[in-house]
Engineer: 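First, the structure itself, so that you have it in front of you.
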Amino acid sequence: EAAEKAGRWDTAIAGLQEYLQLKPEDPAIQKRITDLVETRHAAWLKAVMERVDRAIATQNWDEALSTLNEALRLEPENARMKGKAAQVHEMRR
């Protein structure tokens, strides 16, 4: 719980997975792990978009595109990032 409150998602997930090894059929823990994985992903997306928005605010198009391309390597089908990349390309022109 402390790791979760501090936003240390990997530590929180690892702790729950360790607990799950002791009680593999615990649906509450399985759900909590799923929720934490989704929360970790949402936090990562938010951080990526914040970096991109900061780069856009200073018209640092290369940094914005670099950040988006890095994220798209991990999630090549992410429509939101693809759209943001297209927007940055257009703004750059």
Side-chain angles (χ1 to χ4, degrees):
E1 288 181 11
E4 182 179 349
K5 288 178 184 174
R8 295 187 336 255
W9 310 117
D10 292 335
T11 302
I13 292 167
L16 288 172
Q17 288 175 333
E18 188 176 313
Y19 175 82
L20 200 57
Q21 289 178 355
L22 301 171
K23 294 190 176 189
E25 300 302 318
D26 189 332
I29 297 301
Q30 291 172 348
K31 168 106 173 77
R32 197 159 168 207
I33 289 172
T34 299
D35 291 347
L36 282 175
V37 169
E38 290 173 6
T39 300
R40 175 183 63 184
H41 183 257
W44 174 75
L45 284 174
K46 181 181 176 193
V48 167
M49 290 306 187
E50 286 173 353
R51 284 177 53 199
V52 170
D53 289 342
R54 282 193 304 272
I56 289 171
T58 60
Q59 297 184 353
N60 189 340
W61 312 120
D62 290 337
E63 182 178 338
L65 290 171
S66 175
T67 300
L68 286 164
N69 288 331
E70 179 183 322
L72 283 167
R73 278 192 292 276
L74 298 173
E75 290 192 12
E77 299 305 316
N78 187 307
R80 182 176 174 205
M81 283 190 232
K82 284 181 177 181
K84 191 72 162 185
Q87 179 186 13
V88 172
H89 280 293
E90 190 63 33
M91 294 167 78
R92 184 181 201 176
R93 291 183 203 160

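Side-chain atoms are counted along with the backbone in the values below, which use heavy atoms only and exclude waters and symmetry mates. Nothing here was measured: the structure is a model prediction, and the numbers come from that model.
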Engineer: Roughly how far, to the nearest 0.5 Å, is the CD atom of Q17 from the CG atom of L22?
Structural biologist: 12.5 Å
Engineer: First locate atom CD1 of I13, then atom CZ of R32, and finally report the distance between them rounded to the nearest 0.5 Å.
Structural biologist: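 Spacing of CD1 (I13) from CZ (R32) equals 11.0 Å.
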Engineer: Provide the closest heavy-atom pair for A3 versus A12 in the form atom of the first, atom of the second, distance.
Structural biologist: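 Looking at all heavy atoms of both residues, the closest pair is CB-N, 3.8 Å.
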Engineer: So, R73 and E70, do they make that salt bridge, N to O below 4.0 Å?
Structural biologist: no
Engineer: Please enumerate all residues that pass side-chain hydrogen bond (donor to acceptor under 3.5 Å, both in side chains) together with R54, with sequence neighbours excluded.
Structural biologist: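 Applying side-chain hydrogen bond (donor to acceptor under 3.5 Å, both in side chains) to R54 gives none.
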Engineer: Mind checking the CZ-CG spacing from R8 to L36? Nearest 0.5 Å is all I need.
Structural biologist: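 R8 atom CZ to L36 atom CG measures 12.5 Å (nearest 0.5 Å).
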Engineer: Could you go through W44 and E75, starting from their C-alpha distance and side-chain angles, then the distance that decides it, and tell me whether this counts as side chain to side chain contact (heavy atoms under 4.5 Å, CB included)?
Structural biologist: CA-CA 12 Å; W44 174 75; E75 290 192 12; 3.4 Å; yes
Engineer: When rounded to the nearest 0.5 angstrom, what distance separates CH2 in W9 from CD in E38?
Structural biologist: 12.0 Å
Engineer: Over all heavy atoms of both residues, which pair between D26 and L20 is shortest? Give the atoms and the distance, please.
Structural biologist: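 Smallest interatomic distance, heavy atoms only, reads O-CD1, 4.0 Å.
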Engineer: Once rounded to the nearest 0.5 Å, what's the spacing between atom NZ of K82 and atom CG of L72?
Structural biologist: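 K82 NZ to L72 CG: 7.5 Å, rounded to 0.5 Å.
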Engineer: How far does CG of N69 sit from CE of M81, to the nearest 0.5 angstrom?
Structural biologist: 11.0 Å
Engineer: Provide the closest heavy-atom pair for L65 versus A85 in the form atom of the first, atom of the second, distance.
Structural biologist: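 Where L65 meets A85 most closely, the heavy atoms are CD2-O, 3.9 Å.
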Engineer: Kindly indicate whether the side chain of V37, heavy atoms from C-beta on, has any atom under 4.5 Å from the side chain of T39.
Structural biologist: no
Engineer: Check the hydrophobic clustering (I, L, V, M, F, W, Y; side-chain heavy atoms under 4.5 Å; chains of links allowed) and say if M49 and L74 are grouped together.
Structural biologist: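 The answer is yes; both residues are in one hydrophobic cluster.
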Engineer: Please report the C-alpha distance between I56 and Q87 in whole Å, then the side-chain angles of each, then the deciding distance to 0.1 Å, and finally whether the side chain to side chain contact (heavy atoms under 4.5 Å, CB included) criterion is met.
Structural biologist: CA-CA 10 Å; I56 289 171; Q87 179 186 13; 5.5 Å; no
Engineer: Salt bridge or not for D53 and K84, using N-O below 4.0 Å?
Structural biologist: yes
Engineer: What pair of heavy atoms forms the shortest contact from A55 to A64, and how long is it?
Structural biologist: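 The answer is CB-N, 3.6 Å.
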